[in-house]
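Structure first, commentary second.
This is a predicted model, so every value here is computed, not measured.
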Amino acid sequence: MTRPVEISHSGWGRLYQQLRQDCPSSVTLIRHKMKEKLGFVPREYRDWDNENLKWRKNCVMLDFYDEKKRTFFLMKYSHFFDEKNLQ
């Protein structure tokens with residue numbers, strides 16, 4: 001498995017709307033089809049800080065399973081991501 005890509009919830013919402021326009025509905029609604037066609041599945045990520053009693057991170061991670069699909073996806077949709085998350 002390759003390194004996941006981090007995206008904010010608002011960024012994921014915009015990206016998801018774009019994916020719905022670019023792909024058939026079955027790809028965006030069914031996780032195994034998303035993994036098969038786009039090479040990733042999204043997951044919500046939260047990191048709790050016990051000392052300060054607040055969330056350190058609250059974002060969506062895109063877990064890629066194919067490096068070639070990850071590279072193509074980042075080339076096509078890179079304008080939805082911050083540069084610090086793509087290293």
Side-chain angles (χ1 to χ4, degrees):
M1 190 160 89
T2 64
R3 187 168 169 250
V5 176
E6 180 182 324
I7 188 169
S8 67
H9 285 283
S10 61
W12 170 243
R14 291 189 313 272
L15 176 61
Y16 187 73
Q17 290 303 317
Q18 185 64 46
L19 289 172
R20 289 187 65 182
Q21 292 176 4
D22 295 347
C23 302
S25 297
S26 63
V27 172
T28 57
L29 295 174
I30 303 171
R31 289 176 65 87
H32 74 83
K33 289 225 179 211
M34 187 177 280
K35 180 180 175 182
E36 179 183 304
K37 298 291 182 187
L38 299 175
F40 74 91
V41 291
R43 78 178 147 93
E44 189 168 334
Y45 178 77
R46 293 182 181 174
D47 187 20
W48 181 254
D49 184 4
N50 284 327
E51 291 180 16
N52 297 325
L53 300 176
K54 66 177 186 176
W55 295 112
R56 275 186 232 151
K57 253 187 200 183
N58 187 4
C59 60
V60 175
M61 294 286 198
L62 306 180
D63 293 326
F64 282 87
Y65 293 89
D66 184 356
E67 188 63 38
K68 291 178 185 178
K69 288 183 180 181
R70 180 182 189 267
T71 302
F72 179 75
F73 181 85
L74 291 176
M75 287 185 341
K76 187 172 182 179
Y77 298 106
S78 63
H79 56 281
F80 288 99
F81 301 97
D82 295 334
E83 286 186 27
K84 64 178 180 143
N85 298 328
L86 299 179
Q87 298 170 349

Out of curiosity, Lys37 NZ to Thr28 OG1, how far, rounded to the nearest 0.5 Å?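 Taking NZ in Lys37 and OG1 in Thr28, the distance rounds to 13.0 Å.
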Looking at SG of Cys23 and CG of Leu29, how far apart are the two atoms once the value is rounded to the nearest 0.5 Å?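 Cys23 SG to Leu29 CG: 11.0 Å, rounded to 0.5 Å.
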Do other residues, nucleotides or ligands put more than 12 heavy atoms under 6.0 Å from the OH atom of Tyr16?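 More than 12 heavy atoms, drawn from other residues, nucleotides or ligands, come within 6.0 Å of this atom.
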Please say yes or no: joined through hydrophobic side-chain contacts below 4.5 Å, possibly via intermediate residues, are Met61 and Leu74 part of one cluster?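 No, it is not one cluster - the side chains of Met61 and Leu74 are not joined through contacts under 4.5 Å.
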What closest approach, in Å, do [X] and [Y] show between heavy atoms, and which atom pair accounts for it?
{"X": "Cys59", "Y": "Ile7", "value": "CB-O, 3.4 Å"}
{"X": "Ser26", "Y": "Lys33", "value": "O-CB, 3.8 Å"}
{"X": "Gln18", "Y": "Tyr77", "value": "CG-CE2, 3.7 Å"}
{"X": "Val41", "Y": "Met34", "value": "CA-SD, 4.5 Å"}

In the structure I gave you, are the side-chain heavy atoms of [X] and [Y] within less than 4.5 Å of one another anywhere?
{"X": "Phe73", "Y": "Leu62", "answer": "yes"}
{"X": "Glu6", "Y": "Tyr45", "answer": "no"}
{"X": "Leu38", "Y": "Lys69", "answer": "no"}

Spell out, as yes or no, whether a donor-acceptor pair under 3.5 Å connects the side chain of Arg31 to the backbone of Pro42.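 Present.
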Distance-only, no hydrogens or angles: does the Arg70 side chain make a donor-acceptor pair with backbone N or O of Val5 under 3.5 Å?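 Flag not set: sc Arg70 to bb Val5 has no pair under 3.5 Å.
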Is the Lys NZ or Arg CZ of Lys35 less than 6.0 Å from the centre of Tyr65's six-membered ring, within 45° of the axis?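 Positive - Lys35 is close enough to the ring of Tyr65 and near enough to its axis.
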